[in-house]
S.K.: 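Quick one: structure below, then a few questions.
Here is how names work: the chains are called A, B, and so on, in the same order as the sequence lines, proteins then strands, and each is numbered from 1.
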Amino acid sequence: MDKVTVRQLAADAEYFADKEVTVNGWIRNNRDQKSFGFIALNDGTHFNTIQIVYEKDFLPYYEQVAAMRVGSAISATGKLVLTPEARQPFEIKASEVRLEGDSPSDYPIQPKRHSREFLREVAHLRPRTNLFNAVFRVRSLLAFAIHKFFQEKGFIYLHSPIITANDAEGAGELFRVTTLDPKESPLTDNGSVDYSSDFFGKKTNLTVSGQLEAEIFALAFKDVYTFGPTFRAENSNTPRHAAEFWMIEPEIAFADLNDNMDLAEEMVRYLINYLLEEAETEMDFFNQFVDKGLKERLQNIVGSEFARISYTEAIGKLKKAGQKFEYPVEWGKDLQTEHERCLTEKIYKKPVFVTGYPRDIKAFYMRVNDDQKTVAAMDLLVPVVGEIIGGSQREERTEVLEESMAHFNINRDDLWWYMELRKYGGVKHAGFGLGFERMLMYLTGVGNIRDVIPFPRTVSSCEF
RNA sequence: UCCUCAGUAGCUCAACGGCAGAGCGACCGGCUGUUAACCGGUAGGUUGCAGGUUCGAAUCCUGCCUGGGGAGCCA
């Protein structure tokens, strides 16, 4: 009696046909009748459950099996029978069913529909549901696909630091990292906290981006990427924001904004293809129960070029769109969510790169265009989710960078090493940040970031 | 942080100033192939918390807490 997984059985049912096998898993549903019953068992290795058929004539302890409850862990042994005419391709005729771990009748995950909100409160049990089984398997596959994509292209994977002392980037509110006692922190003469006696001898925080470090490596390895956790202490209360999320940040040297967009587009297309191939069962499930048009939309994307327009063009198109906006469309102001949705969902109906934003609404490190008013920035906007990628060509000209830093009130002494990158063999380079969870939302159709993170951390919420 | 909606049985909701209900789930029973089965029955409640108005509050008012959605910030 070989221990097998449902994944193994699904991969080669013919081979296992009529052989005795043992599977271990958790009961999703148990229906008994007078002299036989059916257990739907999920062993975690496959989205689908396997049906265990048990009969009174073969099991002296039939009533005990019939009484096994949803959520219980069991071990079932029996002959694998191919059932091509039934809804499931095969099932197990049980010769033995052993209870490994009981589950009382107050088990919260019952065979019925549950709301996402409720399941968030039982995040320790929700991985045992169809939706979260699919989401987290796809999450794992997507992470792998990202590494595969970049590794195949020869990119170096950089572990950028999680704890950092630079807060010069202005990408958001920071989580402080300290070993000082909050009640008895040492103070300086002017009454502020004296960080020189803190663990690192200076003020430190959790990273909001690995970009600046990625630039260092890009100017040594040419093509690099980071993929790690990122922390923002923003008081954001939306379905698209979390305090802890994962980000992918490629950085490429000897490259400009167009190379950057080419890379982003190739990557998105690669990831979609990968999931459509490697997670067919899960993608079908999302398409059927989460977002009806998902697969068609993704397949369209694979087959068509992304739109690429300048910010200035976008403003023009929006003005001519004939749609009433709550916030007026005006050159110089950032695009509002409603504007982005109009572009992706109404005008283009596909992902759109918007480039050349006004300098004042973007970051200091972005390369200033010849018009002096705009920078070589690019955002990739997708329907529903909105911005999933933000990137730019970096300012490689020392004088211009210094001027920008002054303009944005950034202390260049803190970023002395960043300046030296320009001084020693500086070259044009570019990169972008991809929100891993936002990509996951886009690819699964799941509308809330809290449902694609195993244990989400959001404002006033850090359970599990 | 702002705006908005909601909180009633394990879950999803109804009752909207006058006896707290349904569906699903659970439990018990029935059913010879079920597919989140089907049929019959049983149990299950401090109506988020604190105060107020009223003869009477799940229902109206105030505050707080929690959750959803929208906006901003962004990925």
Side-chain angles (χ1 to χ4, degrees), chain A residues 28-42 48-57 66-67 69-71 81 83 85-88 91 93 103-122 125 129-130 169-173 208-211 229-249 289 325-327 333-338 340-341 361-363 379-382 385-391 432-442 447-453 458-461 463:
Chain A
R28 285 285 185 84
N29 202 352
N30 185 3
R31 301 178 293 274
D32 73 291
Q33 301 192 24
K34 194 173 193 175
S35 56
F36 57 88
F38 306 94
I39 290 173
L41 190 73
N42 189 281
N48 292 329
T49 56
I50 185 167
Q51 177 156 283
I52 313 293
V53 187
Y54 54 98
E55 297 184 41
K56 206 167 201 169
D57 292 346
R69 283 174 294 242
V70 174
V81 179
T83 54
E85 74 291 344
R87 196 181 295 187
Q88 66 284 346
E91 62 188 20
K93 290 262 192 228
S103 177
S105 63
D106 62 355
Y107 179 59
I109 313 291
Q110 291 295 339
K112 64 174 297 266
R113 198 195 158 273
H114 292 293
S115 67
R116 311 259 175 92
E117 291 81 9
F118 170 69
L119 290 170
R120 266 171 228 150
E121 293 171 12
V122 287
L125 299 173
T129 63
N130 280 337
E169 206 197 321
E173 293 294 314
V208 294
S209 164
Q211 181 201 313
T230 306
F231 307 88
R232 307 259 169 106
E234 293 290 345
N235 190 5
S236 297
N237 292 287
T238 84
R240 305 184 301 283
H241 290 85
E244 178 183 307
F245 62 98
W246 284 57
M247 195 154 63
I248 297 99
E249 295 178 289
F289 293 106
F325 294 113
E326 196 181 333
Y327 296 89
K333 288 197 172 157
D334 208 353
L335 297 178
Q336 302 289 318
T337 299
E338 57 176 347
E340 295 180 352
R341 293 188 77 138
I361 60 172
K362 288 290 181 182
D379 284 355
L380 179 62
L381 312 177
V382 298
V385 177
E387 183 183 344
I388 57 171
I389 286 176
F432 62 83
L434 166 73
F436 181 62
E437 285 82 6
R438 290 203 180 161
M439 192 68 194
L440 202 49
M441 290 166 73
Y442 182 56
N448 195 311
I449 200 166
R450 286 168 276 220
D451 297 327
V452 298
I453 299 179
T458 54
V459 185
S460 353
S461 172
E463 281 296 317

S.K.: Under 4.0 Å, counting only non-hydrogen atoms across every strand here, what does A:Q88 touch: a base, just sugar-phosphate, or nothing?
M.R.: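 Touches a base.
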S.K.: Classify the nucleic acid contact of A:Y107 as base, sugar-phosphate or nothing, counting any heavy atom under 4.0 Å across all strands shown.
M.R.: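 It contacts nothing in the nucleic acid.
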S.K.: Taking any heavy-atom pair under 4.0 Å as a contact, classify A:A242: base, sugar-phosphate, or nothing.
M.R.: base
S.K.: Please determine whether a side-chain nitrogen or oxygen atom of A:N29 lies at a distance below 4.0 Å from atom OP1 or OP2 of B:A36.
M.R.: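 Negative; the distance criterion is not met.
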S.K.: Touch check for A:E340, heavy atoms < 4.0 angstrom, all strands: base, sugar-phosphate only, or nothing?
M.R.: nothing
S.K.: If you look at every heavy atom in A:V452 and A:M441, which pair is closest and at what distance?
M.R.: CG2-CG, 4.0 Å
S.K.: Would you indicate, yes or no, if B:C13 has its OP1 or OP2 atom less than 4.0 angstrom from a side-chain nitrogen or oxygen of A:R113?
M.R.: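 It does not, given that no N or O in the side chain of A:R113 lies less than 4.0 Å from OP1 or OP2 of B:C13.
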S.K.: When you measure from the side chain of A:F36, which nucleotide among B:U32, B:A37, B:A75 comes out closest?
M.R.: B:U32
S.K.: Heavy-atom distance under 4.5 Å between the side chains of A:M247 and A:S209, does that happen here?
M.R.: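 Yes, side chains in contact.
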S.K.: Within the 4.0 Å heavy-atom criterion, would you say A:R116 contacts the bases, only the backbone, or no part of the nucleic acid?
M.R.: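 Touches nothing.
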S.K.: A:S115 near the nucleic acid: base, sugar-phosphate alone, or nothing, with a heavy-atom cut-off under 4.0 Å?
M.R.: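 Sugar-phosphate: the residue A:S115, judged by heavy atoms under 4.0 Å, touches backbone atoms but no base.
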S.K.: Assign A:H114 to base, sugar-phosphate, or nothing according to its heavy-atom contacts below 4.0 angstrom with the strands shown.
M.R.: sugar-phosphate
S.K.: Using a 4.0 Å heavy-atom cut-off across all strands, classify A:R69 as base, sugar-phosphate, or nothing.
M.R.: sugar-phosphate
S.K.: Sticking with atom P, work out how far B:C65 lies from B:A37, rounded to a whole angstrom.
M.R.: 42 Å
S.K.: What nucleotide among B:U34, B:A71, B:C27 has an atom nearest to a side-chain atom of A:N237?
M.R.: B:A71
S.K.: Checking all strands, does A:Q336 fall into the base, sugar-phosphate, or nothing category for heavy-atom contacts under 4.0 angstrom?
M.R.: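 Sugar-phosphate, no base atom in range.
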S.K.: If the test is side chain to side chain contact (heavy atoms under 4.5 Å, CB included), which one of A:E234, A:E437, A:R232, A:R438 qualifies with A:H241?
M.R.: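 The passing option is A:R438.
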S.K.: So for A:K112 and B:C11, does any side-chain atom that can act as donor or acceptor lie under 3.5 Å from a complementary atom in the base?
M.R.: yes
S.K.: Counting side-chain heavy atoms from C-beta on, which of B:C31, B:C73, B:G70 comes nearest to A:P239?
M.R.: B:G70
S.K.: Can you tell me how far C1' in B:U46 sits from the matching atom in B:A58, rounded to whole Å?
M.R.: 12 Å
S.K.: Base, sugar-phosphate alone, or nothing: which one does A:F118 contact when heavy atoms must sit under 4.0 Å apart?
M.R.: sugar-phosphate
S.K.: Using the C1' atom on both, measure B:G48 against B:C31 and round to a whole Å.
M.R.: 43 Å
S.K.: Going by the rule side chain to side chain donor-acceptor pair (under 3.5 Å), which residues pair with A:D334 if we only count those two or more places apart in sequence or in a different chain?
M.R.: none
S.K.: Can you give the dot-bracket line for RNA chain B, using ( ) for pairs inside the strand, [ ] for pairs that cross earlier ones, | for pairs with another strand and . for unpaired bases, where Watson-Crick and G-U count if both distances are under 3.5 Å?
M.R.: (((((((..((((....[..)))).(((((.......))))).....(((((..]....))))))))))))....
S.K.: Please give the distance between the P atoms of B:A36 and B:G18 as a whole number of Å.
M.R.: 42 Å
S.K.: So which protein nitrogen or oxygen atoms get under 3.5 Å of nucleotides 7-9 of chain B's nitrogens or oxygens?
M.R.:
none

S.K.: State whether the distance check finds a donor on one side and an acceptor on the other, under 3.5 Å, for side chain A:S236 versus base B:C73.
M.R.: yes
S.K.: So do A:R116 and A:L119 actually touch side chain to side chain, heavy atoms under 4.5 Å?
M.R.: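 They are not in contact (no side-chain heavy atoms under 4.5 Å apart), so the answer is no.
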S.K.: Report yes if a side-chain nitrogen or oxygen of A:R450 is closer than 4.0 Å to either non-bridging phosphate oxygen (OP1 or OP2) of B:G68; otherwise report no.
M.R.: yes
S.K.: For a quick test of reading the model: is some side-chain N or O of A:T337 closer than 4.0 Å to OP1 or OP2 of B:G72?
M.R.: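 Yes.
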S.K.: Could you tell me whether A:K56 and A:D32 have a side-chain N and a carboxylate O separated by less than 4.0 Å?
M.R.: no
S.K.: Any side-chain N or O of A:Q110 less than 4.0 Å from the OP1 or OP2 oxygen of B:C11?
M.R.: no
S.K.: Sticking with atom P, work out how far B:U8 lies from B:A14, rounded to a whole angstrom.
M.R.: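 Between the two P atoms, the distance is 10 Å.
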S.K.: Work out how far the C1' atom of B:U54 is from that of B:C60, and round it to whole angstrom.
M.R.: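 Rounded to whole Å, the distance is 9 Å.
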S.K.: Does the side chain of A:R232 get closer than 4.0 angstrom to OP1 or OP2 of B:C74 through an N or O atom?
M.R.: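 The answer is no; no side-chain N or O of A:R232 sits under 4.0 Å from OP1 or OP2.
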S.K.: Hey, does A:N130 reach any base, or is it just sugar-phosphate, or nothing, if we go heavy atoms under 4.0 Å?
M.R.: nothing
S.K.: By the 4.0 Å heavy-atom rule, please label A:Q33 as base, sugar-phosphate, or nothing.
M.R.: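 Since a base atom lies under 4.0 Å of A:Q33, the category is base.
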S.K.: Identify whether a stacking contact exists between A:F436 and B:A75, where the ring centres must be under 5.5 Å apart and the planes under 30° apart.
M.R.: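 No; by the centre-distance and plane-angle rule, A:F436 does not count as stacking on B:A75.
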S.K.: Have a look at A:D106 and say if it touches a base, only the backbone sugar-phosphate, or nothing, with a 4.0 Å heavy-atom cut-off.
M.R.: nothing
